[in-house]
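Inspection log for the structure reproduced underneath, given as structure tokens.
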Amino acid sequence: MYIPPAFRVEDAGKLMAFLQRHSFATLITCDGTVPFASHLPVLYRAEAGGHGTLLSHLARANPQWRHFASGGEVLAIFHGPHSYISPSWYQTEVAVPTWNYATVHAYGVPKIISERERVVSLLRDLVTVHESSFEKPWPGELPDEYRDKMMQAIVAFEIPISRIEGKFKLGQNRSAADTQGVFDALSRSSDADSRALARLMATECAVRENA
């Protein structure tokens, strides 16, 4: 990923928090000729390995898991908030539009998880993470026969992260006045993604809230 120095994020804590918050990732592999992508919910385990480990599963009917046999690295892209940026928000008179965003790329060699109990644990943890905020979380109780049939239809895997790149393009290369103007405009937006980008700017840039 092309990352100008102003936008590079190397803080491990920030990268880990990003992976956990924006956990619906794009998994990219190559079948030997062309790229192949799937869009998957991913669990991040910070304690497993130097950079942590990603865990997820694919439908067995999805041919992507067969690409793992090559033993090469795969890429998981985690997408954060993003928004169009109008030059009318700048103090600078001559400028062009751009797009600001936050993303993290994680690389590693995937390994298929074949142990039944590990697969059960992965699925249970995935449900728990996403049900935990509900008033009445789904308990995950299923008839054994039905559960086993569903498990046979998936391939679980883990990706120990070998390297990780973070890019927060938030206008850090512009003047303080321009950055403040972008923050103010995004904060007032009716678009949820734009407001989320403003909240990220509040933690990463020298902007004044409610200026």
Side-chain angles (χ1 to χ4, degrees), residues 1 3 9-81 101-134 137-167:
M1 174 167 57
I3 312 178
V9 179
E10 296 181 328
D11 184 289
K14 290 181 181 180
L15 296 175
M16 291 177 184
F18 193 95
L19 296 184
Q20 291 168 335
R21 180 174 179 79
H22 304 283
S23 58
F24 189 67
T26 302
L27 179 69
I28 300 175
T29 61
C30 185
D31 68 358
T33 56
V34 296
F36 193 102
S38 294
H39 308 278
L40 307 168
V42 175
L43 288 176
Y44 174 64
R45 294 287 182 252
E47 70 281 2
H51 297 295
T53 296
L54 308 177
L55 299 102
S56 189
H57 63 280
L58 292 159
R60 190 171 293 276
N62 183 340
Q64 189 172 32
W65 65 271
R66 299 184 186 280
H67 302 170
F68 300 169
S70 70
E73 278 191 335
V74 302
L75 166 62
I77 301 177
F78 295 80
H79 311 268
Y101 58 90
T103 187
V104 171
H105 289 194
Y107 303 82
V109 178
K111 303 175 183 178
I112 292 175
I113 300 174
S114 56
E115 300 87 348
R116 183 181 183 280
E117 289 308 312
R118 289 193 64 199
V119 177
V120 170
S121 178
L122 165 60
L123 298 176
R124 184 187 302 118
D125 290 348
L126 190 62
V127 169
T128 298
V129 166
H130 294 288
E131 291 278 341
S132 61
S133 62
F134 297 164
W138 177 62
E141 297 173 358
L142 294 169
D144 290 345
E145 183 178 354
Y146 180 85
R147 182 190 59 192
D148 291 345
K149 181 180 179 180
M150 292 295 98
M151 287 179 56
Q152 290 171 11
I154 66 170
V155 175
F157 64 92
E158 63 182 356
I159 306 173
I161 299 175
S162 56
R163 53 195 177 101
I164 188 167
E165 300 174 319
K167 182 177 183 179

For His105 and Ile3: C-alpha separation, side-chain torsions, deciding distance, then whether side-chain contact (heavy atoms from CB on, under 4.5 Å) applies.
CA-CA 11 Å; His105 289 194; Ile3 312 178; over 6 Å; no
Any side-chain heavy atom of [X] sitting closer than 4.5 Å to one from [Y]?
X	Y	value
Ile154	Arg60	no
Asp31	Phe36	no
Leu40	Phe157	yes
Pro110	His67	no
Tyr101	Lys167	yes
Arg116	Asp148	yes

On a heavy-atom basis, which atom in Pro41 and which in Ser56 lie closest, and how many Å separate them?
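For Pro41 versus Ser56, the nearest heavy atoms are O-OG, 2.7 Å.
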Does CD belonging to Glu115 count more than 12 external heavy atoms closer than 6.0 Å?
yes
Please indicate whether Phe24 has more than 12 foreign heavy atoms, meaning atoms of other residues, nucleotides or ligands, lying under 6.0 Å from its CZ.
yes
Assess whether side-chain contact (heavy atoms from CB on, under 4.5 Å) is satisfied between Val127 and Leu123, documenting all intermediate values.
CA-CA 6 Å; Val127 169; Leu123 298 176; 5.7 Å; no
Apply side-chain contact (heavy atoms from CB on, under 4.5 Å) to residues Val42 and Ile159 and explain how you reach the verdict.
CA-CA 10 Å; Val42 175; Ile159 306 173; over 6 Å; no
Under 3.5 Å side-chain donor-acceptor pair for Thr53 and Glu158:
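No donor-acceptor contact under 3.5 Å links the two side chains.
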For Ser162 and Tyr107, indicate whether the former's side chain and the latter's backbone hold a donor-acceptor pair under 3.5 Å.
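Yes, because the side chain of Ser162 sits within donor-acceptor range (under 3.5 Å) of the backbone of Tyr107.
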